[in-house]
Chemist: 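I have a structure here, written as structure tokens, and I will follow up with some questions on it.
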Amino acid sequence: MADKREQQQGRGHRSRRGQGDQREKRDGTLRVTWVHSSIGHNAAARGTIRALGLHRLHETVDIDDTPANRGMIRRVAFLLEVAGPAGPAKSEDSGS
């Protein structure tokens with residue numbers, strides 16, 4: 001019985017301690033930083049910030065680049081900074 005319980009507790013629990021900024025950014029992810037306070041904004045904006053996995057101001061998280069996550073980012077874009085794929089690349093003119 002104890003062996004089975006130990007196996008269940010050990011499943012899916014991996015420590016991220018010590019990895020810090022050494023984690024590589026995957027291609028399908030967006031790096032989102034919460035830069036402006038949600039004080040004075042409606043509860044939906046605060047809830048969306050939480051749903052993105054942000055807990056503290058100036059915190060940065062890597063989230064999957066999915067349509068659902070992009071929609072949440074769009075709803076609170078005025079509170080966030082986003083790094084990662086921004087959609088179609090813009091062509092720059094050479095100025096000639």
Side-chain angles (χ1 to χ4, degrees):
M1 180 87 160
D3 294 329
K4 187 175 183 180
R5 192 176 321 141
E6 288 173 6
Q7 290 174 351
Q8 289 176 349
Q9 289 177 351
R11 237 183 260 156
H13 298 283
R14 293 189 179 144
S15 175
R16 293 186 182 187
R17 186 175 294 172
Q19 291 180 356
D21 291 331
Q22 297 174 357
R23 286 183 276 164
E24 293 184 19
K25 187 172 177 293
R26 295 181 294 165
D27 289 334
T29 63
L30 298 170
R31 181 159 284 181
V32 179
T33 304
W34 185 12
V35 294
H36 295 285
S37 176
S38 60
I39 293 174
H41 297 285
N42 61 12
R46 290 190 297 273
T48 303
I49 292 289
R50 295 287 180 214
L52 288 169
L54 295 162
H55 302 285
R56 291 178 178 83
L57 202 56
H58 304 293
E59 180 180 11
T60 301
V61 295
D62 292 332
I63 61 170
D64 292 332
D65 187 6
T66 63
N69 286 340
R70 286 211 175 231
M72 287 192 284
I73 290 169
R74 195 175 307 117
R75 291 290 301 264
V76 291
F78 54 95
L79 300 175
L80 305 173
E81 278 184 2
V82 181
K90 293 182 181 179
S91 61
E92 295 183 17
D93 294 330
S94 60
S96 49

Chemist: side-chain contact (heavy atoms from CB on, under 4.5 Å) for N69 and V32? Distances and angles first, verdict last.
Modeler: CA-CA 11 Å; N69 286 340; V32 179; over 6 Å; no
Chemist: Rounded to the nearest 0.5 Å, what separation is found between the CD1 atom of I49 and the NE2 atom of H55?
Modeler: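 One finds 11.5 Å between CD1 of I49 and NE2 of H55.
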Chemist: I'd like to check the side-chain contact (heavy atoms from CB on, under 4.5 Å) partners of H58; sequence neighbours left out, ordered by chain and number.
Modeler: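 H58: no side-chain contact (heavy atoms from CB on, under 4.5 Å) contacts found.
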Chemist: Out of I63, D64, D65, V61, which residue meets the side-chain contact (heavy atoms from CB on, under 4.5 Å) rule with T29?
Modeler: D64
Chemist: Grab the two heavy atoms, one from L54 and one from W34, that are nearest each other, plus how far apart they are.
Modeler: CD1-CB, 3.9 Å
Chemist: Give the table of side-chain donor-acceptor pairs shorter than 3.5 Å for residues 38-48, with sequence neighbours excluded, one pair per line with atom names and distance.
Modeler:
unit_1	atom_1	unit_2	atom_2	d
N42	OD1	A45	N	3.0
R46	NH1	H41	O	2.4
T48	OG1	A44	O	2.8

Chemist: Go through the structure and list residues passing side-chain contact (heavy atoms from CB on, under 4.5 Å) with V35, not counting sequence neighbours.
Modeler: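 Checked V35 against side-chain contact (heavy atoms from CB on, under 4.5 Å); matches are T33, E81.
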Chemist: If you compare all heavy atoms of R31 against all heavy atoms of T60, which two are closest, and at what distance to 0.1 Å?
Modeler: CG-CG2, 3.2 Å
Chemist: Grab the two heavy atoms, one from L30 and one from R70, that are nearest each other, plus how far apart they are.
Modeler: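 What the structure gives for the nearest pair is CD2-NH2, 4.0 Å.
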